[in-house]
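Okay, so here's the structure we're looking at.
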Protein chains: 2
Amino acid sequence: MIKPKELAAERQKSLGEYIRDRGVVRIEDLSREFDISSATVRRDLEILEEQGRIRRVHGGAMALESRLEEQMFDDKASIAFREKRRIAEKAMTMICNSETVYLDGGSTVLELARLLVNRTDITVVTNSLRAAVELSGRGPRLILVGGELRRLSQTTVGSWTRCLIEQIHVDKAFMGTMGLSFPEGTTTTDPNEAYTKELVMSRSAKTILLADSGKAGKVVFAKSGDIENIHTIITDKKFPAHLAKLFKKQGITLEQV
Amino acid sequence: MIKPKELAAERQKSLGEYIRDRGVVRIEDLSREFDISSATVRRDLEILEEQGRIRRVHGGAMALESRLEEQMFDDKASIAFREKRRIAEKAMTMICNSETVYLDGGSTVLELARLLVNRTDITVVTNSLRAAVELSGRGPRLILVGGELRRLSQTTVGSWTRCLIEQIHVDKAFMGTMGLSFPEGTTTTDPNEAYTKELVMSRSAKTILLADSGKAGKVVFAKSGDIENIHTIITDKKFPAHLAKLFKKQGITLEQV
DNA sequence: AATATTATGATTGATATTTATAATTTTTTG
DNA sequence: CAAAAAATTATAAATATCAATCATAATATT
């Protein structure tokens, strides 16, 4: 039985998938597995690298999917996905007709964005590229906040964001966070991101924090918001009681779903 | 079993379906299966590719990945793909080290974006959501222009875009267009989009227009740029000679690839 | 029926792809 | 640190595919 050689383009696709599956492969293996010369493997890898699909290393190639990004955004697989969705569902009920809302970055807020694809009555302002993509096809009127894209969070941050945010006013801002504690408030890893968050909260009538209990008590590098600026926190049942008490004492509405 | 010879158009339809079913086919197989010469197969494939129904590759043809997704945005990316990619490749050679470039919307410019995934030395400013997504993983420093998202083009437009664009200055702006004619210049369907385009061109040292020959002589609703503001036009060989002459007389560099 | 138009298939020089080999670079090992 | 091993790049030859051309067949037009 003579197996007809694969088409070059077809083979390159297969090669890419093969590499994605294994993570790393040596040229020797690819050459044997696909029954092509090492020169051809090299040329294919070169093409795949140009397309940004893989990264070539001495002796072979690596799959090029930033594990960090995957973990951060590998939607359904992430831990606490259920909690996050319930939190997002609760958040949605708080959006009234023809309101203008702000959507921050983070996986919980992204869940909220997904729930808004049929809300054509509202206006969404966001600095989250992922949220924007979710809502780009149909749904709310969508306003993107410009600025430099921060790769890790896939949000626009920095001084450019000011130009637009300073000119708007939203009814409700739905914010994510890395850490939530008392009395530090909300904290995040990147100062630019923190700055943008504070700015948004200052332009919003109400600030609603979406934070699963995993964030409770955590403090990371940069402060992104004062306790006083938060109106509502939506979290899950596992949120520590002592923290809940402290926040309530501050006049914050704390919803546990 | 001898089939009565099909009509050309009919056969092309069958060919298209055959390719969609298999995903990938080589010309040899199509020639045998449909009992036509390889020359005819090639001609048919050329037509099918022009219509954006398949993608031709060396040795055969491939079905397009996700037809549904593409059509969602009224995507013209797959028609005249070859011309568009060649134009984009030419455009890429014009981007020098550590430059800052602007990427407009449109399928040709989107092709250019795809070629920039490994250019970590440059900075890209764009109002195109799709270009942003292409470059969001890795590659150039990426700055998004904020504003209201126009669904059809997937670009941000309108007065919000001003806040950021007015504060920047780019080395080269790579612009798309719906129509290109003389003496009208570039035209597009949406006035907001036209406004944003003009603004960008005023903030760029050089404006490079990426326009396949299908745009030549077309005039649509809103004027998006004067002839005088264009420095270079990159188009394909089929660009009408009389228009080419006129543009060159205006001092515009016209590259036909 | 005569003619023009278009489609097809064969031919061929031009391109593109693959492989093998030699030269160079990088990595490993003693 | 240098020699050996391995991998990459560069080059050239062999092969396969493509695009242009032209003669012929099929179809449409007058």
With sequence neighbours excluded, residues passing side chain to side chain donor-acceptor pair (under 3.5 Å) with B:Arg119: B:Asp121
Backbone of A:Gln154 reached by a side-chain donor or acceptor of A:Arg130 within 3.5 Å: no
Integer-rounded Å distance: D:dA19 P and B:Ile47 CD1: 13 Å
Partners passing salt bridge (charged side-chain N to carboxylate O under 4.0 Å, His left out) against B:Arg114 (at least two apart in sequence or in another chain): B:Glu111, B:Glu134
Rounded interatomic separation in angstrom, taking CD1 from B:Ile27 and C1' from D:dA19: 11 Å
Residues forming a side chain to side chain donor-acceptor pair (under 3.5 Å) with B:Arg55, sequence neighbours excluded: none
Residue-phosphate contact under 4.0 Å: B:Arg42 side-chain N/O, C:dA7 OP1/OP2: no
B:Arg26 vs D:dA16: side-chain N/O to OP1/OP2 distance below 4.0 Å: no
Summary of salt bridge (Lys or Arg N to Asp or Glu O under 4.0 Å) pairs that have at least one residue in residues 189-202 of chain B, sequence neighbours excluded: B:Asp104-B:Lys197, B:Arg150-B:Asp190, B:Arg150-B:Glu193
Test salt bridge (charged side-chain N to carboxylate O under 4.0 Å, His left out) applied to B:Arg22 - qualifying residues, sequence neighbours left out: none
I'd like a table of donor-acceptor pairs (distance under 3.5 Å, sequence neighbours excluded) in which one partner is a side-chain atom from residues 43-51 of chain A, with atom names and distances.
{"unit_1": "A:Arg43", "atom_1": "NH2", "unit_2": "A:Thr40", "atom_2": "OG1", "d": "3.4"}
{"unit_1": "A:Asp44", "atom_1": "OD1", "unit_2": "A:Arg11", "atom_2": "NH2", "d": "3.2"}
{"unit_1": "A:Asp44", "atom_1": "OD1", "unit_2": "A:Gln12", "atom_2": "NE2", "d": "2.8"}
{"unit_1": "A:Asp44", "atom_1": "OD2", "unit_2": "A:Arg11", "atom_2": "NE", "d": "2.7"}
{"unit_1": "A:Asp44", "atom_1": "OD2", "unit_2": "A:Arg11", "atom_2": "NH2", "d": "2.9"}
{"unit_1": "A:Glu49", "atom_1": "OE1", "unit_2": "A:Arg56", "atom_2": "NE", "d": "3.3"}
{"unit_1": "A:Glu49", "atom_1": "OE2", "unit_2": "A:Arg56", "atom_2": "N", "d": "3.1"}

Side chain to side chain contact (heavy atoms under 4.5 Å, CB included) partner of B:Tyr102, chosen from B:Val109, B:Thr126, B:Val200: B:Val200
Residues touching DNA chain C, which here means a heavy atom under 4.0 Å, drawn from residues 82-90 of chain B: none
In a table with atom names and distances, give each donor-acceptor pair under 3.5 Å that connects a side chain of residues 239-255 of chain B to protein atoms at least two apart or in another chain.
none

Spacing between A:Arg56 atom CZ and D:dT8 atom P, to the nearest angstrom: 8 Å
Base versus backbone protein contacts along nucleotides 13-23 of chain C [heavy-atom cut-off under 4.0 Å; B, S, -]: ---SSBB----
Divergence of helical axes at both termini of the helix from C:dA1-D:dT30 to C:dG30-D:dC1 - five pairs an end, 10° steps: 30°
Pairs meeting criterion salt bridge (Lys or Arg N to Asp or Glu O under 4.0 Å) with involvement of residues 204-218 of chain B, two or more places apart: B:Asp212-B:Lys215
Given DNA chain D, 5'-ward residue of the pair B:Gly60 and A:Glu46, judged by closest heavy atom: A:Glu46
Salt bridge (Lys or Arg N to Asp or Glu O under 4.0 Å) contacts in which one or both residues fall within residues 168-189 of chain B, not counting sequence neighbours: B:Glu99-B:Lys172
